[in-house]
Amino acid sequence: MKLKSLQYLFIAVILVITCTFWAFNKVSFAPDLKVGQKIDSLNGVYVYYNGSVGNVVGRNTTADGYNLGLKYQCVEFVKRYYYQHLKHKMPDSYGHAKDFYDRAIADGRKNKKRNLVQFTNTSKSKPQVNDLLVFDGNIFNEYGHVAIISKVTASEIHIVQQNPGPNAKSRIVLDLNFKHGKWTIKHDEILGWLRKVK
């Protein structure tokens, strides 16, 4: 096969893969689900179906005017969870998912914008139930992603998430590794986790 033909084949394969990932985040293969439909819950806080990752229905605010975020984005769920279940309001109630993590803050220090303690992935502190997990952006979702840790074992964390894509699950399990006195969640896009400390 000639070099030029191999180059065209390579480009075609990359395009097919890119289009497949794009479609997985944009096109629902579950027509029985409707935007705004309850699909899960954690500690009495509901997870709603959002369809396409970029879909926005409107802004959700509390009765006292606190901004929970855009319905039914991932940020809206984690902020609603912290507000309803943990009775926590963030001083800065705005920002994309990846903005919840501040790269300038050292492991175990206070993130003042969120009024939470921030841990890096890798950290001396093991992730805990109710921690807010932050994913960096990628070429398919530049805004990142956030979720809530619902269970922790010696080798896994379980998370609950809203708006992971029209065909992804609200609950997934990620590997957790302990080495040289530090904990790492095995996922290339995880920046770290935040925690409400009494």
Side-chain angles (χ1 to χ4, degrees), residues 20-102 111 113-116 127 129-151 157-174 185 187 189-196:
T20 301
F21 276 108
W22 179 86
F24 190 78
N25 282 321
K26 299 290 183 185
V27 180
S28 175
F29 301 111
D32 54 321
L33 290 175
K34 305 295 181 206
V35 172
Q37 182 177 333
K38 294 174 186 174
I39 56 171
D40 201 346
S41 69
L42 178 63
N43 294 315
V45 181
Y46 290 112
V47 175
Y48 296 96
Y49 182 71
N50 193 43
S52 168
V53 171
N55 188 47
V56 174
V57 177
R59 187 168 295 279
N60 189 9
T61 56
T62 63
D64 61 0
Y66 177 63
N67 171 53
L68 294 174
L70 300 172
K71 301 176 185 177
Y72 296 99
Q73 294 285 316
C74 59
V75 166
E76 189 269 344
F77 168 66
V78 299
K79 288 180 62 197
R80 185 162 36 85
Y81 182 85
Y82 264 64
Y83 180 81
Q84 291 178 356
H85 182 65
L86 300 177
K87 311 303 180 205
H88 179 80
K89 284 185 177 180
M90 298 180 186
D92 183 350
S93 66
Y94 291 87
H96 299 302
K98 67 181 180 181
D99 299 331
F100 278 63
Y101 184 88
D102 186 337
N111 181 325
K113 285 184 175 182
R114 308 302 170 184
N115 195 23
L116 300 169
V129 169
N130 292 328
D131 283 355
L132 190 161
L133 190 62
V134 185
F135 296 74
D136 201 0
N138 58 48
I139 61 171
F140 302 105
N141 177 7
E142 64 181 302
Y143 305 113
H145 186 59
V146 285
I148 300 293
I149 297 177
S150 60
K151 181 179 176 182
I157 65 159
H158 297 230
I159 67 170
V160 176
Q161 57 187 346
Q162 183 170 271
N163 195 35
N167 306 295
K169 296 182 179 181
S170 60
R171 293 178 184 253
I172 62 170
V173 178
L174 299 171
I185 300 171
H187 191 291
E189 292 172 3
I190 292 176
L191 296 170
W193 50 95
L194 288 85
R195 178 178 304 154
K196 181 181 177 183

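Remember, predicted model here, so these are calculated numbers, not experimental data. Just so you know, residue 1 is the first one in the sequence shown, and it goes up from there.
Under 3.5 Å, the side chains of N43 and Y81 contain a donor-acceptor pair of N or O atoms.
In this structure, G144 and A97 approach most closely via the heavy-atom pair C-CB, 3.5 Å. Taking every heavy atom of both residues into account, N138 and N141 meet most closely at OD1-N, 2.7 Å. S150 and L42 make their closest contact through CB-CD1, 3.8 Å (heavy atoms, listed as atom of the first residue, atom of the second, distance). The two residues L70 and E76 come nearest to each other via the heavy atoms O-CB, 3.3 Å. Among all heavy-atom pairs drawn from G51 and V35, the shortest one is N-CG2, 4.2 Å. Of all the heavy atoms in G165 and V53, the pair that sits closest is CA-CG2, 3.6 Å.
K89 places a side-chain heavy atom less than 4.5 Å from the side chain of D64. Proximity of F77 to V160: side-chain heavy atoms (C-beta onward) are separated by under 4.5 Å at one or more points. Counting only heavy atoms from C-beta outward, the side chains of L191 and F100 never approach each other to under 4.5 Å. The closest side-chain heavy-atom distance from L133 to P127 is not below 4.5 Å. Within the 4.5 Å cutoff, the side chain of F135 has heavy atoms near those of the H187 side chain. Using a 4.5 Å heavy-atom threshold, the side chains of D92 and R114 count as touching. At a threshold of 4.5 Å between non-hydrogen side-chain atoms, the residues I185 and W193 count as touching.
Within the model, atoms CG of N55 and OH of Y49 stand 9.5 Å from one another, a figure rounded to the nearest 0.5 Å. Separation of atoms NZ (K196) and CG (L132) is listed at 13.0 Å; rounding is to 0.5 Å. Between E189 atom CD and D136 atom CG the span is 7.0 Å, to the nearest 0.5 Å. Taking OH of Y46 as the start and NZ of K38 as the end, the distance is 4.0 Å to the nearest 0.5 Å. A distance of 11.5 Å separates CG of N50 from CG of L33, quoted to the nearest 0.5 Å. The line from CG of N163 to OH of Y72 is 12.0 Å long, rounded to the nearest 0.5 Å.
Exactly one residue among T61, V75, T62 makes a side-chain contact (heavy atoms from CB on, under 4.5 Å) with L68. That residue is T62. Of the residues listed (K98, Q73, Q161, H96), the one engaging H145 in a side-chain hydrogen bond (donor to acceptor under 3.5 Å, both in side chains) is Q161, and it is the only one.
The number of heavy-atom neighbours closer than 6.0 Å to OH of Y83, taken from other residues, nucleotides and ligands shown, is above 12.
Here D102 does not pair with K113 in a salt bridge; the nearest charged N to carboxylate O distance is not below 4.0 Å.
Figure legend: K79 and Y66 shown as a cation-pi pair, the cationic atom lying under 6.0 angstrom from the six-membered ring centre and within 45 degrees of its axis.
The closest donor-acceptor contact from the side chain of Y82 to the backbone of N130 lies under 3.5 Å. Not a single donor-acceptor pair under 3.5 Å links the side chain of Q162 to the backbone N or O of V47. Y143 places no side-chain N or O within 3.5 Å of a backbone atom of D99 that could act as its donor or acceptor partner.
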